[in-house]
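Okay, so here's the structure we're looking at.
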Protein chains: 2
Amino acid sequence: MSIQQKPVFTADDVARAESYKARDYPDNVDPKVEDLVRQMISGFADKWTVVILDTLWDEGVLRFSDLARRVTGISQKMLTQTLRRMERDGLVIRKTYACVPPKVEYRLSPLGLTLGAAFCNVWIWAVENHDAVAKARTAFDDED
Amino acid sequence: MSIQQKPVFTADDVARAESYKARDYPDNVDPKVEDLVRQMISGFADKWTVVILDTLWDEGVLRFSDLARRVTGISQKMLTQTLRRMERDGLVIRKTYACVPPKVEYRLSPLGLTLGAAFCNVWIWAVENHDAVAKARTAFDDED
DNA sequence: CGGTATCCACTTAGATACTG
DNA sequence: CAGTATCTAAGTGGATACCG
């Protein structure tokens, strides 16, 4: 059998990966920190949070109804819920104006801005690789 | 959007955001592409996918049972399901050995490797900001 | 306009049992 | 070991109605 001991990936693979990678990824992280981080990521890694982050990153400041319009398919309930959680986590700043009819503006906090920046490469990856994923899916479905 | 244009944030905020940002984020993306990308992101943005991606990124090659051990809290069912979806999307390569007892190895594909690389900054963000998030939460819960 | 509250259909995921 | 199959409890999210 031809077991490759170390080179799981070719130099080319690694080079392409590096092009998505900005800062150095720490090799050894404290297991406790690792676990904490996973809990955090798990918390943020849901459908709507990422899309809302993306939208606010793109648009800057949006009213509730504008967000509802741009985040296609979201219900009012989920929009409210997700925005509250993001506000609680310090990612989003909510500003209400005491007027009639009411007006509420949402925007990313500095913390949310840095998270949005960290997500940039993921969005770029998605733009550049969505056809590769589509191809992989049809290939997978066709075999067997 | 280019974050320099809108004066919503201070120069310091922007500088900190830039430190997480590697490649330039495209200003104008085709709305249809934008929508496709959001569907993709929504698909990948679930709890287990991200954690498995992280684990395989860290460890390289893992057997099914090793993955189950490292991805704390996941059920066998979800592990199987998520790995299948990731394999179908072309992120993960599954290699079975015809022996008794059976042995199955999982590793990231080149495509999965690039996605993992794109996620690096998000993980770094999580490591560096999890205390900020914790503080935001207690602050939010204390008021009212 | 920007929510909250309630109800309910549907999905999800864990536990358990079984298989190649 | 690495799954699949089945059942069920819990959670999720949409629709609707109503409120400040």
Side-chain angles (χ1 to χ4, degrees), chain A residues 1 38-39 41-52 55-56 59-89 91-108 140-141 143-144, chain B residues 38-39 41-53 55-56 59-89 91-108 140-141 143-144:
Chain A
M1 51 189 186
R38 289 190 173 185
Q39 285 184 5
I41 298 283
S42 298
F44 298 139
D46 76 295
K47 200 173 148 66
W48 297 127
T49 304
V50 177
V51 176
I52 290 174
T55 305
L56 286 176
E59 308 291 339
V61 183
L62 284 178
R63 299 182 60 168
F64 184 85
S65 49
D66 292 327
L67 263 170
R69 217 164 295 122
R70 300 201 187 240
V71 181
T72 322
I74 198 172
S75 68
Q76 196 190 37
K77 179 181 174 180
M78 289 314 296
L79 183 56
T80 305
Q81 249 181 48
T82 311
L83 282 170
R84 275 295 175 281
R85 189 157 26 84
M86 292 175 80
E87 191 196 355
R88 178 170 180 265
D89 290 341
L91 301 178
V92 156
I93 293 172
R94 177 174 178 267
K95 182 164 190 180
T96 59
Y97 295 85
C99 57
V100 182
K103 177 178 166 181
V104 180
E105 280 179 355
Y106 292 91
R107 66 181 184 90
L108 292 183
F140 185 89
D141 293 343
E143 54 190 51
D144 300 320
Chain B
R38 289 191 172 184
Q39 285 184 5
I41 298 282
S42 299
F44 298 138
D46 77 294
K47 200 174 148 66
W48 297 128
T49 304
V50 177
V51 175
I52 290 174
L53 186 74
T55 306
L56 286 177
E59 307 290 338
V61 183
L62 285 177
R63 299 183 59 167
F64 184 85
S65 49
D66 292 327
L67 263 169
R69 217 164 295 123
R70 298 198 188 242
V71 180
T72 321
I74 198 171
S75 66
Q76 195 190 37
K77 179 181 173 182
M78 288 313 297
L79 183 56
T80 306
Q81 252 182 44
T82 310
L83 283 171
R84 276 295 176 281
R85 189 154 27 82
M86 292 176 80
E87 191 197 355
R88 179 171 180 265
D89 289 342
L91 301 178
V92 156
I93 292 170
R94 177 173 177 267
K95 183 165 188 178
T96 59
Y97 296 84
C99 57
V100 182
K103 176 178 168 182
V104 181
E105 281 178 354
Y106 293 91
R107 66 181 183 91
L108 293 183
F140 185 89
D141 293 343
E143 54 190 52
D144 302 321

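The sequence lines fix the lettering, A, B, ..., with proteins before strands; numbering per chain opens at 1. Here the structure is a predicted model, which is why all the values come from computation and not from measurement.
The CG atom of A:L67 sits 10 Å away from the P atom of C:dG2 (whole-angstrom rounding). Atom pair A:L83:CG and C:dG2:C1' shows a separation of 11 Å (rounding to whole Å applied). Between A:Y97 atom OH and C:dC1 atom P the separation is 17 Å, expressed in whole Å. The nearest whole Å value for the distance from the CD1 atom in B:I74 to the C1' atom in C:dG14 is 12 Å. Rounded to whole Å, the distance from CD on A:E87 to C1' on C:dG2 is 14 Å. The interatomic distance linking B:Q81 (CD) with C:dT12 (P) rounds to 8 Å, in whole Å. Separating the CD atom of A:E105 from the C1' atom of C:dC1 is a distance of 13 Å, rounded to the nearest angstrom. Nucleotide C:dG2 holds its P atom 11 Å from the CG atom of A:L62, rounded to whole Å.
Checked against D:dG14, D:dA2, C:dA13, the side chain of A:K77 finds its nearest nucleotide in D:dG14. Residue A:R84 places its side chain closer to C:dG3 than to any other of C:dA15, D:dG14, C:dG3.
For the pair A:W48 and A:P102, nearest-nucleotide mapping onto DNA chain D gives the more 5' position to A:W48. In this structure, B:V104 and A:Q76 both approach DNA chain D, and ranking their closest nucleotides by distance from the 5' end singles out B:V104.
Nearest heavy atom pair, residue B:Y106 against residue B:L56, reads O-CD2, 3.6 Å. Of all non-hydrogen atoms in A:V51 and B:R38, the two that sit nearest each other are CG1-NH1, 3.7 Å. B:L91 and B:F44 make their closest contact through CD1-CE2, 3.7 Å (heavy atoms, listed as atom of the first residue, atom of the second, distance).
The pair B:D66-B:R63 does not count as a salt bridge, with every side-chain nitrogen at least 4.0 angstrom from each carboxylate oxygen. A salt bridge links A:D141 with B:R88: the closest approach of a Lys/Arg side-chain nitrogen to an acidic carboxylate oxygen falls below 4.0 angstrom.
At C:dG2, one or more side-chain N or O atoms of A:R63 fall inside 4.0 Å of OP1 or OP2 (strictly under the cut-off). Between D:dG13 and A:S75, no contact under 4.0 Å exists linking OP1 or OP2 to a side-chain N or O. Considering only side-chain N and O atoms, B:Y106 lies under 4.0 angstrom from the phosphate OP1 or OP2 of D:dG3.
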